[in-house]
There are 2 protein chains.
Amino acid sequence: MIKEISEQSLRRLPQYLIILQKFLTEGRLYCSASHIADAMQISAIQVRKDLAKIATDEGVPNQGRKVNQLIRDIETFLGYNTVSEAVIVGVGMLGRALISYKGFHDYGVKIIMGFDAATQDIFTINKTPIYSVKVMPNLVKRMRVKIGIITVPKDQAQAVCNQLLDAGVQAIWNFAPVHLDVPEHVIVHHENMAESLAVISNKLKKQGEKS
Amino acid sequence: MIKEISEQSLRRLPQYLIILQKFLTEGRLYCSASHIADAMQISAIQVRKDLAKIATDEGVPNQGRKVNQLIRDIETFLGYNTVSEAVIVGVGMLGRALISYKGFHDYGVKIIMGFDAATQDIFTINKTPIYSVKVMPNLVKRMRVKIGIITVPKDQAQAVCNQLLDAGVQAIWNFAPVHLDVPEHVIVHHENMAESLAVISNKLKKQGEKS
DNA sequence: CTTAATTCGATATTTAATTATCGACTTTAT
DNA sequence: ATAAAGTCGATAATTAAATATCGAATTAAG
């Protein structure tokens with residue numbers, strides 16, 4: 001059964017999670033939609049509607065919802081309990097940062113290996129083995145990895161993408177600042193820091209013009 | 001004069017840019033909204049409306065727009081020509097990756113220095129000087145830096161945020177997976193990889209259920 | 001020279017997302 | 001006990017975003 005949820009709501013859920021975890025550390029057992037909304041500076045109604053979509057139990061009037069239950073519900077909805085395996089291609093600065101990032105584990109993603117062109121010998125980063133990119137197709141096929149993360153320089157990104165798809169990867173998470181051409185059904189997510197920067201500097205500009 | 005543009009359009013502009021650059025390398029001098037739309041798998045009407053908002057000259061029927069002019073227009077709109085200075089606090093793996101990332105330069109952002117708690121001696125990463133976090137408030141104040149990038153562990157993020165704001169920073173770009181409390185007028189952008197992952201794994205899930 | 005194919009830009013239309021309103025229900029305080 | 005404040009959930013209204021439609025314009029092909 002597919003729960004329909006808009007991408008906008010979906011993107012807010014992890015943000016709620018971060019606020020809920022803060023509430024937990026503050027020792028709050030219950031919280032209302034308005035509490036979350038205040039922290040995020042969005043409307044309480046919006047939060048309430050989002051939560052209604054994913055919560056398993058009902059809220060209590062004048063009290064809200066149980067924080068820990070809500071966290072569980074969001075995590076379950078986002079699939080943090082079922083681990084998806086991923087590989088990363090490109091072990092430069094960014095690749096290393098992603099491999100070392102412990103957060104993925106919380107998010108139900110495990111980077112099981114990395115590949116790099118400059119590597120002949122096998123070595124590890126934080127216990128994650130790094131192989132030569134030459135053996136990538138074989139290994140990825142054998143392990144039936146679902147997610148391929150691309151952190152190579154932009155002139156290599158398309159080639160790596162093609163190889164990953166050939167090897168059976170179902171989704172591409174691309175950090176190279178280049179557009180990837182893929183068949184229609186393939187899932188590609190382009191991570192582009194320029195997007196965030198666009199939002200930030202637009203806000204800065206607006207604020208500057210106010211004065 | 002403030003050009004009104006929705007955050008959604010704003011986020012698409014950098015994506016157009018990436019596609020346009022690809023067109024340039026392919027030697028295309030003109031392109032239409034539908035060409036861009038095809039590459040991104042969104043509707044041509046949407047692209048056309050976005051472009052109408054930021055283009056300085058008109059498109060030509062049955063030909064489209066000049067690619068290089070369009071690139072210039074988007075870059076100008078996004079402020080890639082006027083450099084904003086930023087500092088980064090937290091020089092771990094992620095911090096290093098951001099400092100080394102050459103893309104920022106293209107996006108009109110320059111990380112002029114970094115700070116880290118573990119640093120006593122001054123050193124540099126890619127010519128960017130790294131100082132002890134102790135001298136941060138002073139330096140940031142003196143240089144009137146606008147943007148503060150936070151890449152410290154989550155338990156230090158709020159403290160660093162407060163210090164940056166005290167030092168006069170106008171916008172915070174937070175990579176720590178924790179919510180930051182800030183005064184209302186302050187610009188905060190939370191970079192949360194879980195957001196992207198939520199989108200990706202939701203798509204994966206849907207695709208899995210189709211079969 | 002004419003026709004067909006594209007594209008633009010402007011104006012609807014439709015769809016989706018956000019916000020508002022309201023009655024019912026709990027807790028807390030008086 | 002009673003009143004007040006806060007919350008939920010459902011439905012309605014509003015706003016914003018995406019899509020559709022159409023005439024005019026330009027190029028390319030026949």
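Residue numbers begin at 1 in each chain, while the letters A, B, ... track the order of the sequences.
When DNA chain C is scanned 5' to 3' for any atom under 4.0 Å from a heavy atom of chain A, the first and last hits are C/dA17 to C/dT27.
In this structure, the side chain of B/R65 engages the main chain of B/D57 through a donor-acceptor pair within 3.5 Å.
A/Y101 and A/F104 have perpendicular rings, their planes meeting at more than 60° on a 0 to 90° scale where under 30° would count as parallel. Using cut-offs of 30° and 60° on the angle between ring planes, the pair A/H190 and A/H179 is parallel.
At most 12 heavy atoms of other shown residues, nucleotides or ligands fall within 6.0 angstrom of atom NZ in A/K154. For A/R144, the CZ atom is loosely surrounded, since the number of other residues' heavy atoms within 6.0 Å does not exceed 12.
By the salt bridge (charged side-chain N to carboxylate O under 4.0 Å, His left out) test, B/E7 pairs with B/R11, sequence neighbours left out.
Partner of A/L164 under the side chain to side chain contact (heavy atoms under 4.5 Å, CB included) criterion, chosen from A/I150, A/V182, A/V145: A/I150.
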- Task: Mark up nucleotides 7-18 of chain D, 5' to 3', with B wherever a protein heavy atom is under 4.0 angstrom from a base atom, S wherever such an atom reaches only the sugar-phosphate, and - elsewhere.
- Result: BBB--B----SS
